[in-house]
Amino acid sequence: MTDETAPSTSLKTLIADRRRKLQRAREEFEIDPFGQRTDGLVSLTDARASYDAAADAAFKEDAATDARPIVKVAGRVMQHRVMGNLIFMQVRDAEGDLQIAISKKAVDRPSFLIAKMVDLGDIIIAQGPLGTTKTGEISVWTTGEGSFELATKSLAPPPGKWHGLQDAEQRYRKRYVDMYANPRVIETFRQRSGIVAAVRQLMGDEGFLEVETPMLQPMAGGAAARPFGTHHNALDMPLYLRIAPELYLKRLLVGGMSKVFEINRNFRNEGIDRSHNPEFTMLEAYEAFGDLYSVMDLTEKVFQHVAQTVLGSTQLPYGDDEIDYGQFRRVKYLDLFEEHNGFAVTVSEAGAAGAEQLIANAKFLGLETEGKDHDVILNDVWEETVEEHLVQPTFVIDYPASLCPLTKRKPDEPHIAERFELFIAKMELANAYTELNDPDVQEANFRQQVAGMDEEEATFRAVDEDFLEALRVGMPPAGGLGIGIDRLVMLMTNSQSIRDVILFPLMRPQ
RNA sequence: GACCGGGUAGCUCAGCUGGUAGAGCAUCGGCCUUUUAAGCCGCGGGUCCUGGGUUCGAAUCCCAGCCCGGUCACCA
């Protein structure tokens with residue numbers, strides 16, 4: 001083209017170049033640069049798989065006997081090399097890449113000129129037999145009238161073909177670019193989909209009924225987090241985005257459902273880091289007549305089933321570690337404390353043995369001890385000294401009851417709560433309880449919790465009287481379980497940040 | 001919210017003991033029927049995140065702010 005504008009590559013100019021080609025496509029070639037429905041397309045992976053080496057060899061021997069399979073494919077242009085009268089381009093779809101070769105002799109003139117004018121990032125359609133090039137690359141040898149089409153013109157310059165999009169901020173903000181620039185992204189989310197499906201399948205096989213309970217709640221209950229607030233106009237009432245489905249799922253046990261689960265979003269108005277996003281997906285399950293140990297077995301099955309069916313192995317890498325999902329250690333909270341601190345302690349209600357050494361240790365670690373209860377200091381030291389060692393799957397059991405006021409206590413050891421937390425790769429993956437179903441104890445705990453609230457907490461937390469009424473109607477003894485699905489996906493896909501397993505993580509507006 | 005690190009061309013990055021900016025790829029132009037990170041040759045391309053300050057002079061030093069990442073706090 002004879003163009004008077006000075007060559008330049010500012011963003012403006014790059015876009016102008018593309019708009020010029022858009023115009024040219026419409027005016028000179030009289031085509032719609034944004035295409036339409038196209039039938040008969042095969043994926044690039046399937047196309048590659050249908051390459052027939054024998055037919056290709058026979059064709060190269062004698063071009064008159066062409067039995068090469070013909071495919072019609074579409075993809076986004078990742079590389080574009082114009083070699084005079086021969087054009088190569090590498091295109092990409094959700095599953096992989098494939099090379100398209102356009103020989104001037106094999107196609108009509110408009111097809112060739114359009115192929116020549118294509119920009120990186122455009123989506124194209126090509127049709128022709130599968131053959132190889134001199135270097136052995138399987139390629140679609142575009143052949144025939146209209147065998148090369150522009151399906152969608154891209155007006156935005158793509159990231160570099162070699163380094164792709166590296167900037168974490170841009171990757172999360174422009175996920176649609178990240179996805180095609182970094183093929184691993186689609187693969188991760190394909191796996192996420194498989195993981196969630198596998199969890200559902202297992203839960204169904206185990207006899208659990210999937211349910212959906214309110215995300216908009218008049219009171220935010222079931223966990224200790226701060227909620228997001230919102231408002232219903234017609235009813236003119238404040239509402240909260242749920243922080244947990246727990247209190248509703250338990251109502252279902254009261255009503256007579258025996259095994260229920262929900263996989264859905266929770267919203268917690270807390271900080272953001274590598275393992276926390278304000279909205280996250282949780283599996284929560286309740287099993288009537290079960291307990292801590294029945295849901296522990298279930299948890300183990302979930303992890304093993306997912307690892308085996310989605311990743312094909314129960315030994316999977318995570319960062320520098322190799323995680324073995326074949327074996328889950330079960331160990332008591334206080335035993336782990338002793339293991340990593342070298343001395344034994346007991347909880348307050350059991351006499352607080354080792355308290356002096358505990359306080360000395362806490363101070364040595366730089367932890368605040370003034371005015372704190374023995375069990376709180378114990379937990380601070382525990383988190384500081386134990387968690388970093390919990391790499392292989394570990395069920396921590398027998399938590400101090402004082403730290404879990406809403407959990408049933410062990411009948412024979414009342415100062416110990418019937419709770420477990422599952423740690424893998426130093427992350428908390430699951431949390432479970434033998435659920436408290438004594439309405440009077442639950443009510444007393446609730447009221448005590450509410451009495452200790454500060455002003456801010458009092459705005460969104462209140463005693464859920466209807467839930468207490470449900471417990472009075474009678475909830476069977478039960479085991480309850482929560483598994484963080486995003487973290488599960490992180491582990492299975494070897495992702496170091498929760499943002500890598502959430503399609504659109506929360507970002508501040510630019 | 002606190003602390004640390006980062007923000008330079010469309011992309012990936014140099015430059016940061018102050019002298020007003022570089023590379024590779026992409027783009028643009030030319031040549032070319034076998035390239036594959038990159039065929040060959042050539043030309044360009046920048047509010048150096050924003051706003052102040054110091055200085056003869058600031059991408060560079062100082063202050064404030066914005067956005068991102070990491071640690072911590074909160075929490076799962």
Side-chain angles (χ1 to χ4, degrees), chain A residues 1-18 20-21 77-90 97-107 112 116 119-121 131-139 141 154-174 177 181 222-227 243-244 266-284 366 368 380 383-384 421-423 427-431 456 482-488 496-499 505 507-510:
Chain A
M1 282 185 75
T2 54
D3 189 350
E4 301 307 317
T5 57
S8 133
T9 55
S10 68
L11 179 57
K12 249 191 231 170
T13 321
L14 291 171
I15 293 169
D17 286 341
R18 285 165 182 263
R20 194 153 19 85
K21 290 175 184 173
V77 178
M78 302 307 293
Q79 293 185 37
H80 186 227
R81 282 182 284 275
V82 179
M83 312 290 299
N85 294 319
L86 182 62
I87 300 167
F88 294 103
M89 55 183 86
Q90 183 193 326
D97 293 0
L98 189 63
Q99 178 164 277
I100 311 295
I102 303 103
S103 166
K104 192 174 185 180
K105 286 193 301 193
V107 300
F112 186 77
K116 200 170 169 181
D119 281 314
L120 299 186
T132 56
T133 60
K134 275 185 180 168
T135 52
E137 179 79 17
I138 295 174
S139 310
W141 284 93
S154 174
L155 295 175
K161 63 184 178 185
W162 179 239
H163 296 283
L165 192 62
Q166 298 295 320
D167 182 59
E169 180 171 1
Q170 291 309 311
R171 289 189 50 220
Y172 301 139
R173 286 191 194 279
K174 298 196 182 299
V177 175
R226 286 202 291 277
I243 56 176
N266 290 335
F267 307 85
R268 298 189 181 176
N269 211 334
E270 308 286 353
I272 297 176
D273 64 30
R274 246 197 359 250
S275 56
H276 295 82
N277 193 62
E279 52 178 313
F280 65 103
T281 301
M282 179 108 136
L283 161 71
E284 223 170 273
E368 184 59 52
D380 288 348
E383 288 179 358
E384 193 70 22
E421 285 199 50
L422 170 64
F423 287 87
M427 273 192 297
E428 188 191 332
L429 264 295
N431 189 9
E456 191 218 349
I483 296 178
I485 295 295
D486 310 278
R487 291 182 182 177
L488 169 64
Q496 301 305 309
S497 169
I498 199 167
R499 295 180 193 100
M507 302 288 275
R508 277 193 152 94
Q510 250 171 338

Rounding to an integer number of Å, can you tell me how far [X] [atom1] sits from [N] [atom2]?
X      : N     : atom1 : atom2 : value
A:L98  : B:U35 : CG    : C1'   : 14 Å
A:R171 : B:U12 : CZ    : P     : 11 Å
A:D167 : B:C11 : CG    : P     : 8 Å
A:D17  : B:G45 : CG    : C1'   : 11 Å
A:K174 : B:G10 : NZ    : P     : 13 Å
A:R508 : B:G69 : CZ    : P     : 10 Å

Taking atom [atom1] in both [N] and [M], compute the distance separating them and give it to the nearest angstrom.
N     : M     : atom1 : result
B:A2  : B:U60 : P     : 24 Å
B:G57 : B:C16 : C1'   : 16 Å
B:G70 : B:G29 : C1'   : 45 Å
B:G44 : B:G1  : P     : 47 Å
B:U71 : B:U47 : P     : 34 Å
B:A59 : B:U54 : P     : 16 Å
B:C63 : B:A23 : C1'   : 33 Å
B:C68 : B:G53 : C1'   : 26 Å

Query raised in the report: So what does A:G482 touch, heavy atoms closer than 4.0 Å: a base, only the sugar-phosphate, or nothing?
Result: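 No contact at all - A:G482 keeps every heavy atom at 4.0 Å or more from the nucleic acid.
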
Report task. Please work out if A:Q90 contacts a base, only the sugar-phosphate, or nothing of the nucleic acid, heavy-atom cut-off 4.0 Å. Result ->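 The residue A:Q90 makes no contact with any strand.
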
Query raised in the report: Of the non-hydrogen atoms in A:E169 and A:M507, which two are nearest, and what is the gap between them?
Result: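 Nearest heavy atoms, A:E169 then A:M507: O-CE, 3.9 Å.
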
[X] side-chain proximity, nearest of [options]:
X      : options             : result
A:L120 : B:C11, B:G70, B:U27 : B:U27
A:W162 : B:G45, B:U34, B:A37 : B:A37
A:R81  : B:A38, B:A26, B:C28 : B:A38

Name the pairing partner of [N], where a pair is Watson-Crick or G-U wobble with both distances under 3.5 Å, or state none.
N     : result
B:G5  : B:C68
B:A58 : none
B:A14 : none
B:C74 : none
B:A26 : none
B:A37 : none

Query - First encountered from the 5' end of RNA chain B, between A:H163 and A:H80 - result: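 Comparing both residues, the 5'-ward one is A:H163.
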
Query raised in the report: How do A:K134 and A:L165 order along RNA chain B: which one's closest nucleotide is nearer the 5' end?
Result: A:L165

Side-chain N or O of [X] less than 4.0 angstrom from OP1 or OP2 on [N]?
X      : N     : result
A:K161 : B:A26 : yes
A:Q79  : B:A38 : yes
A:K21  : B:C28 : yes

Query raised in the report: Between the main-chain N or O of A:R226 and the side-chain N or O of A:E270, is there a donor-acceptor pair closer than 3.5 Å?
Result: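 Yes; at least one donor-acceptor contact below 3.5 Å.
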
Pull out every protein N or O sitting under 3.5 Å from an N or O of nucleotides 72-76 of chain B, one pair per line with the distance.
unit_1	atom_1	unit_2	atom_2	d
B:C74	O2'	A:E270	OE1	2.9
B:C74	O2	A:G271	N	3.0
B:C75	O2	A:H276	NE2	2.2
B:C75	N3	A:H276	NE2	3.4
B:A76	O5'	A:R268	NH1	3.2
B:A76	O4'	A:R268	NH1	3.0
B:A76	O3'	A:E428	OE1	2.4
B:A76	O3'	A:E428	OE2	2.4
B:A76	O2'	A:R487	NH1	3.0
B:A76	O2'	A:R487	NH2	3.4
B:A76	N6	A:N277	N	3.3
B:A76	N6	A:N277	O	2.6

Please list each protein N or O that sits under 3.5 Å from an N or O in nucleotides 2-8 of chain B, with the distance.
none

Query raised in the report: What is the distance from atom CD of A:Q90 to atom OG of A:S139, rounded to the nearest 0.5 Å?
Result: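 With rounding to 0.5 Å, CD (A:Q90) is 10.5 Å from OG (A:S139).
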
Query raised in the report: Taking it one step at a time, do A:D486 and A:T281 satisfy side chain to side chain contact (heavy atoms under 4.5 Å, CB included)?
Result: CA-CA 6 Å; A:D486 310 278; A:T281 301; 3.9 Å; yes

